[in-house]
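Note sheet for the following structure.
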Amino acid sequence: MATAHLPALLWAVAFGAGPHTLTAVLLATAAAGTAVALRTALAPVRVVAVVGALGTGGAGVLTAAWLCWSASGPQAAARAALLLVLAAAVALVTGRFVPRAGIACGAALVAGLCPVTGAGGVLRAALPGEWTVPGCLACGIALLAAVRSPLPRPVRQGLVRASLTVQGLALLWSVPLVAGSLLGPVAWSARSWSGAPQDIRDAVFSQAPWPPYAGTVPLVLAVVAGALTVAARRGDRHPAVAVGALVLGWASLFVLPAVLELPYGAGLVAQAVVVAAALGFAQWSFRARRGQRLLPLTALLLALVTAVGLAFLALASETATIGVLAAMTALFGAAGFLREVAPWAAPAALGHAAALACATGASADWPPHRTALLVLVVPVVAALLAARRTTGPRATVGVEVAGTAAALLALALAVTHPPMLAAVLSVCGVVAAGTALRPERRPAVHASAALFLLAAWVRLAAWDVTTPEAYTLPVTVPALVVGLLARRRDAGLSSWTAYGAGLSITLVPSLFAAWRDLDWTRPLLLGTAALAVTLTGARYRLRAPLLLGGGVLALVTLHELAPYLAQVVGALPRWAPLALAGLVLLVLGATYEQRLRDARRLRDAFGRLH
């Protein structure tokens with residue numbers, strides 16, 4: 001059996017046969033070895049026949065594939081393709097009669113890939129390069145017809161896997177175009193409003209080369225998406241199949257404007273239509289598939305990704321930026337009134353509205369602190385929408401998060417201009433106070449108080465006030481009286497709610513003023529007041545006065561003693577601080593258990609404060 005593999009090959013070499021003839025001899029030898037392996041009952045002979053068939057058959061298939069794809073013309077490619085068809089026939093017969101399911105499936109996989117490879121080589125030699133992959137894909141899709149054939153189950157599975165392999169390779173070929181279409185528009189963020197290009201392809205691939213032979217990528221993506229859709233309808237209920245079909249269909253539409261080289265404005269409109277289609281599909285899917293949420297969530301994610309890419313793409317032109325952001329705000333805002341997609345559409349609308357406000361301010365040549373006033377409209381609208389609660393609690397949370405993010409953006413824009421920062425903080429405090437009127441958002445009152453305090457402090461700093469107590473004490477005294485009356489009415493009211501804001505509005509500005517004051521009068525008075533507040537908090541077991549007063553007292557004391565401590569440290573030897581630190585660590589280590597018990601008692605005592 002071992003020597004039987006050599007005569008035909010040696011005869012072909014002796015007669016000077018060409019590569020096609022040698023490849024045919026290898027495949028014929030493999031077919032003979034396969035026949036012996038299927039018919040013989042002797043195990044050693046079968047092993048030798050299988051090894052020989054695999055060796056000669058593998059060499060023949062690889063050689064035929066190389067001859068097919070390196071052919072200079074259609075005729076040479078067709079001759080090599082016939083050899084691949086022969087190899088496929090041998091592999092298919094092997095899979096049909098071999099008893100083991102795994103071997104049959106592998107043979108069928110090879111039988112499916114061989115004709116696809118041959119067809120691809122012929123198409124490469126006969127047609128332009130753009131049509132090679134679509135032709136291979138068509139052959140791979142045709143292999144799916146084996147699902148309804150009378151072939152054994154392992155053979156059918158192998159042919160289906162061959163088809164899936166071809167489809168996967170076709171999708172891998174389309175990755176550069178899809179990735180470039182997704183990431184290419186981000187380059188406009190570094191040179192925004194520098195001028196719109198002639199067509200959408202130049203806008204998308206402004207900093208990267210156009211992938212070769214990419215003209216048929218939308219067709220490839222659409223064909224694979226159609227195959228997955230048919231599979232989902234014929235019984236494959238796995239969610240990944242439907243999601244894959246949706247993603248590929250979206251990708252086909254997403255790259256189509258660049259492939260068609262549409263004008264810049266028409267390309268932007270086409271991308272906006274893709275966003276609208278994704279939102280519409282998500283709404284329909286939510287209502288039609290109530291038990292499956294993965295598909296509509298994927299559609300919403302695709303809509304958001306497309307909208308973000310469209311916003312970056314529009315940065316090439318000032319007019320396009322404002323128009324696209326306004327359109328996306330209106331589109332997502334309209335979708336926000338639909339209960340199913342509102343948790344995602346409403347925050348997206350607010351995000352685009354904040355971006356629109358920034359773009360409008362930049363278009364009007366406003367400084368950032370003036371643009372912050374436009375951005376403030378977004379948290380105000382968000383608070384009003386959250387108060388309506390017409391689209392469900394999940395949408396309310398998303399709207400509040402988007403409004404908070406817009407408020408932080410407004411604060412960041414106004415941070416370089418203290419008067420405007422104080423105004424922005426005040427407006428944010430009003431919004432937080434309005435939110436706290438809702439029963440489930442009562443804790444927002446603390447944020448409102450903090451924002452008003454910050455606004456007051458920033459306003460005092462903007463006025464260059466050197467005596468802040470003249471402005472803060474008239475507010476602190478009534479605030480403390482109101483807090484005292486509130487605690488008498490409700491003994492369970494937190495001391496932070498009752499006294500925190502009133503104490504902070506005076507102690508903190510006075511502390512900053514004391515740190516800048518070279519005289520001793522203000523630190524003395526502030527330290528005395530802080531000591532009184534601390535003792536009052538300790539006497540009545542109030543957490544807010546104790547912490548605020550103690551913290552201010554400690555900082556004032558540190559500020560006053562800092563010069564003397566610096567002199568003492570400078571007079572000591574250099575080794576003294578290290579020795580003192582080591583001694584402290586030694587004492588703490590020796591009394592570790594006691595210090596741990598003291599810390600626990602302190603924590604418990606602090607927890608019992610009001």
Side-chain angles (χ1 to χ4, degrees), residues 177-186 188 200 203-204 218 221-222 225 228-229 239-240 242-258 262 266-290 292-315 320-321 323-356 359 378 382 385 391-392 394-395 397-399 401-402 405-406:
L177 180 60
V178 178
S181 300
L182 281 173
L183 302 178
V186 181
W188 287 103
I200 198 69
V204 174
L221 295 172
L228 292 178
T229 303
V243 170
L246 174 62
V247 172
L248 293 178
W250 164 82
S252 176
L253 296 176
F254 185 72
V255 302
L256 187 60
L262 295 179
L268 296 180
V269 173
Q271 297 283 29
V273 171
V274 174
V275 177
L279 288 175
F281 181 84
Q283 175 66 17
W284 170 83
S285 185
F286 267 121
R287 292 184 177 180
R289 301 170 179 259
R290 299 186 181 276
Q292 298 182 9
R293 298 180 56 84
L294 184 59
L295 193 63
L297 291 179
T298 304
L300 286 171
L301 178 61
L302 295 176
L304 294 175
V305 169
T306 309
V308 172
L310 179 58
F312 277 110
L313 198 60
L315 289 176
T321 300
V324 165
L325 291 176
M328 291 298 101
T329 301
L331 181 60
F332 282 102
F337 290 98
L338 303 174
R339 182 175 296 272
E340 289 80 4
V341 300
W344 297 269
L350 294 174
H352 283 89
L356 176 62
V378 177
L385 290 176
T391 54
R394 291 187 300 151
V397 173
V399 166
V401 171

How far does CG of L183 sit from CZ of F312, to the nearest 0.5 angstrom? 10.5 Å
Return the minimal non-hydrogen interatomic distance between A242 and L295, and the atom names on each side. O-CD1, 3.7 Å
Could you measure the distance from the OG1 atom of T306 to the CG atom of L302? Nearest 0.5 Å is fine. 6.0 Å
What closest approach, in Å, do G180 and V204 show between heavy atoms, and which atom pair accounts for it? O-CG1, 3.8 Å
What distance separates L313 CG from T321 OG1, expressed to the nearest 0.5 Å? 9.5 Å
Is there a donor-acceptor contact under 3.5 Å from the side chain of S252 to the main chain of L248? no
Student check: side-chain heavy atoms of L304 and F332 closer than 4.5 Å: yes
I'd like to know if the side chain of T298 pairs up with that of W250 as donor and acceptor (distance under 3.5 Å, no hydrogens or angles considered). no
When every non-hydrogen atom of L331 is compared with those of A272, the smallest separation belongs to CD2-O, 4.3 Å
Tell me whether the rings of F281 and W284 are parallel (<30°), tilted (30 to 60°) or perpendicular (>60°). tilted
Show, in sequence, the C-alpha distance, side-chain angles and deciding distance for L338 and L279, and conclude whether the side-chain contact (heavy atoms from CB on, under 4.5 Å) test is met. CA-CA 10 Å; L338 303 174; L279 288 175; over 6 Å; no
In short, A353 meets T329 closest at the heavy-atom pair N-OG1, 3.4 Å
If you measure from CD1 on I200 to CG on L256, what distance do you get to the nearest 0.5 Å? 12.0 Å
For residues V255 and P218, report the shortest heavy-atom separation together with the two atoms involved. CG2-CG, 3.8 Å
Might you work through the side-chain contact (heavy atoms from CB on, under 4.5 Å) test for V269 and L262, ending with a clear yes or no? CA-CA 10 Å; V269 173; L262 295 179; over 6 Å; no
For A311 and L325, which heavy atoms make the closest approach, and how far apart are they? CB-CD2, 4.2 Å
Is a side-chain donor or acceptor of W344 paired with a backbone partner of L297 at a separation under 3.5 angstrom? no
